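Comments concern the structure below.
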Amino acid sequence: DGEEVRLEVKYSSDGNYATVVGHLVSDPTDEYGDKDGDLDSIDPNPLDYQLNGYFISQLKELYRLAEEYPHLPDAAGLFYTNIEDWLTFMFIRSFQLNENGSRRYDDLRWIVTAGDIDDRFIEYVRINNPSLYHYFETTSNIYANSHEGLSPETWEKIDLYHMAGTISALIYLSDREIDISGDLAKFAIGFMTSHLVNPVFSYCGIDVMKYIIKNKLQSEKFVDNILGWAGDVRSLMNDVIEYKNNPYNIESFDGFYCSFVDLFGQDGCSFSYEDLYGDIDSYNIFSFNGTDTMVSRLDEYYGNRINMVYRFHTFVNGKTIQEFNEFVEPYTKNYYIDKRLSVIIKHYCTDEQIEAAKYAFSAIIFNLMNSEEL
């Protein structure tokens, strides 16, 4: 029908001749016609490239249900964009399960910083659009990149549930609803003392509470990063310490550095490329200017190839390697205390190990950034 080809007419300088050039925008002999990874049979725009186009169409339908869902207005200003955005990504994050079948993103840390799971909305979606519910229940990955000439099954992926957890935390403004108080101080001390199993944390307790009172709170951005890329950095530091038969001496800077770099992205480690792509894209999408919805930002982000080609340049945002090291450093410390929660790491790290992790993560990011074509 001619839709798959766009014609360009080029005239000679004297206007007597014309050359017609056809540009194939969708190959009718290929089931992935426009090369964006969506089968033409389900692609909402089969003649236009948009990575994750079908996913975006389902996301918009989920957002529409969130708009219809009976809920109170956001009178307390708890959401960076709006409550419908939060309901959308909260719904998706709910499908990430632990090995025992419990929800991974539904413990105290996530409830306080990303909001509690709204089971009524989950049931609302299941009843009103069972096929949409099934789609998100069974779709745990989306595409991170596309590669022409390679089957979409081989393209890099993003852990969708991990990404949704991060985005729901970014949307949820946890510093709006909880106040520093004597009751909270008692809770924080009780939480820490009941969860400390490593004797190296014997210094925690009242001294840490003095730190809370002195510093009041960490910024919202700090906590958001802990639930995104920075938390994965911390988890990989734990992996390095727990790695059996580690060929490196992790007590040294060089040994910890090499082990961190080697373990990153490996099967079974806590920081995969699927996590990294989701963390970076969440951060970049959230950093877009404007107050539009996160759903519309994802639509724009994955509709423009340039955002995937330069995602690490966007994340680094012009920082030098030294400036990026300083950006990463606060998240490699031995504990973080916040008025919303306390996050205690599993293992104590020496100053050399902390420095090694900081430099190793920066090196990974800058290597990925430098591999992007300018």
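Note that the coordinates shown come from a computational prediction; the quantities given were computed from them, not determined experimentally. In this chain, residues are counted from 1 in sequence order.
Residues satisfying the side chain to side chain donor-acceptor pair (under 3.5 Å) criterion with N317, sequence neighbours excluded, are absent altogether. Applying the side chain to side chain donor-acceptor pair (under 3.5 Å) test to D119 and every residue at least two apart in sequence or in another chain returns R103. With sequence neighbours excluded, no residue forms a side chain to side chain donor-acceptor pair (under 3.5 Å) with E99. Evaluation of the side chain to side chain donor-acceptor pair (under 3.5 Å) rule for D254 yields no partner, not counting sequence neighbours. For E137, the salt bridge (Lys or Arg N to Asp or Glu O under 4.0 Å) test picks out no residue, with sequence neighbours left out.
The two residues I158 and A144 make their nearest non-hydrogen contact at CG1-CB, 3.7 Å. A pairwise comparison of heavy atoms in N145 and R311 identifies OD1-NH1, 2.9 Å as the closest pair. When all heavy atoms of N141 and D159 are compared, the pair lying nearest together is OD1-CA, 3.7 Å. Taking every heavy atom of both residues into account, F89 and V295 meet most closely at CE1-CG2, 4.1 Å. Between C349 and I241, the shortest heavy-atom contact is SG-CD1, 3.7 Å. Between L62 and F136, the closest heavy-atom pair is CD2-CE1, 3.9 Å.
Each of T88, T293, D299 was checked for a side chain to side chain donor-acceptor pair (under 3.5 Å) with K60, and the lone residue meeting it is D299. Paired with Y301 under the rule side chain to side chain donor-acceptor pair (under 3.5 Å), one option of T314, N307, D281 passes, and it is D281.
Checked by atom type and distance alone, the side chain of N325 pairs as donor or acceptor with a backbone atom of I321 at under 3.5 Å. Checking side-chain atoms of D107 against main-chain N and O of W110 turns up a donor-acceptor pair under 3.5 Å. No side-chain donor-acceptor contact under 3.5 Å links N98 to the backbone of G101. At distances below 3.5 Å, not a single donor-acceptor pair connects side-chain atoms of E61 with backbone N or O atoms of L132.
Residues F327 and F324 have side chains in contact (heavy-atom distance under 4.5 Å, counting atoms from C-beta outward). Looking only at side-chain heavy atoms (C-beta outward), E274 and E156 stay at 4.5 Å or farther from each other. Side-chain atoms of T81 and D292, non-hydrogen and from C-beta on, never get closer than 4.5 Å to each other. Residues I92 and I167 are not in side-chain contact: their nearest non-hydrogen atoms beyond the backbone lie 4.5 Å or more apart. Annotation: side chain of M308 is in contact with side chain of Y302 (closest heavy-atom distance under 4.5 Å). Side-chain atoms of D224 and T166, non-hydrogen and from C-beta on, never get closer than 4.5 Å to each other. Using a 4.5 Å heavy-atom cutoff, the side chains of Y124 and P70 are in contact. Between L263 and Y243, some side-chain heavy-atom pair lies under the 4.5 Å cut-off.
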Audit row: N82, Y63, side-chain contact (heavy atoms from CB on, under 4.5 Å) steps and yes/no: CA-CA 11 Å; N82 58 49; Y63 185 87; 3.1 Å; yes

Step-by-step side-chain contact (heavy atoms from CB on, under 4.5 Å) determination, F256 to E352: CA-CA 8 Å; F256 200 92; E352 281 197 340; over 6 Å; no

side-chain contact (heavy atoms from CB on, under 4.5 Å) assessment of M90 paired with D118: CA-CA 8 Å; M90 175 279 302; D118 186 340; 3.6 Å; yes

Chi angles and distances behind the side-chain contact (heavy atoms from CB on, under 4.5 Å) call for M237, H347: CA-CA 9 Å; M237 293 171 69; H347 302 285; over 6 Å; no

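Defined by atom type and a distance below 3.5 Å, a donor-acceptor pair is missing between the side-chain atoms of Y69 and N128. Between the side chains of S282 and N284, no donor N or O sits under 3.5 Å from an acceptor N or O.
Using a 4.5 Å cut-off between side-chain heavy atoms of Ile, Leu, Val, Met, Phe, Trp and Tyr, with links allowed through other members, L160 and I117 fall into the same hydrophobic cluster. The hydrophobic cluster containing W155 also contains L298, counting ILVMFWY residues as joined when their side-chain heavy atoms lie under 4.5 angstrom apart, directly or transitively.
With rounding to the nearest 0.5 angstrom, the OG atom of S252 is 8.5 Å from the CD atom of Q353. Going from atom OG of S140 over to atom CE of M163 covers 14.0 Å, rounded to the nearest 0.5 Å. Within the model, atoms CE of M369 and CD1 of I280 stand 12.0 Å from one another, a figure rounded to the nearest 0.5 Å. Annotation: the span from R104 atom CZ to R93 atom CZ amounts to 13.0 Å, rounded to 0.5 Å. Taken to the nearest 0.5 Å, the CD atom of Q58 stands 7.0 Å off from the OG atom of S131. In this structure, S259 OG and N246 CG are separated by 3.5 Å, a value rounded to the nearest 0.5 Å.
More than 12 heavy-atom neighbours from other residues, nucleotides or ligands sit within 6.0 angstrom of CG on N370. Applying the 6.0 Å contact sphere to CG of N245 captures no more than 12 heavy atoms from other residues, nucleotides or ligands.
Checked against the 6.0 Å centroid threshold, F366 and Y359 do not count as a close aromatic pair. Centroid-to-centroid, the aromatic rings of Y283 and F286 stay 6.0 Å apart or farther. When ring centroids are compared, Y133 and F95 come within the 6.0 Å threshold. Ring centroids of F264 and Y273 are separated by less than 6.0 Å, placing the two rings close together.
Ion pairing of R64 with E67 is absent here, as no side-chain N (NZ or NE/NH1/NH2) approaches a carboxylate O to less than 4.0 Å. In this structure, R120 does not pair ionically with E123, as no charged nitrogen and carboxylate oxygen lie closer than 4.0 Å.
Geometric assessment of K157 against the ring of Y143 yields a negative cation-pi assignment under the 6.0 Å and 45° thresholds.
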Side chains of residues 225-233: which donor-acceptor partners sit under 3.5 Å, not counting sequence neighbours?
unit_1: N225; atom_1: OD1; unit_2: W229; atom_2: NE1; d: 3.3
unit_1: N225; atom_1: ND2; unit_2: K221; atom_2: O; d: 3.4
unit_1: N225; atom_1: ND2; unit_2: Y331; atom_2: OH; d: 2.9
unit_1: D232; atom_1: OD2; unit_2: H162; atom_2: NE2; d: 3.1

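Between W86 and F79, the two ring planes are tilted [angle within 30° to 60°].
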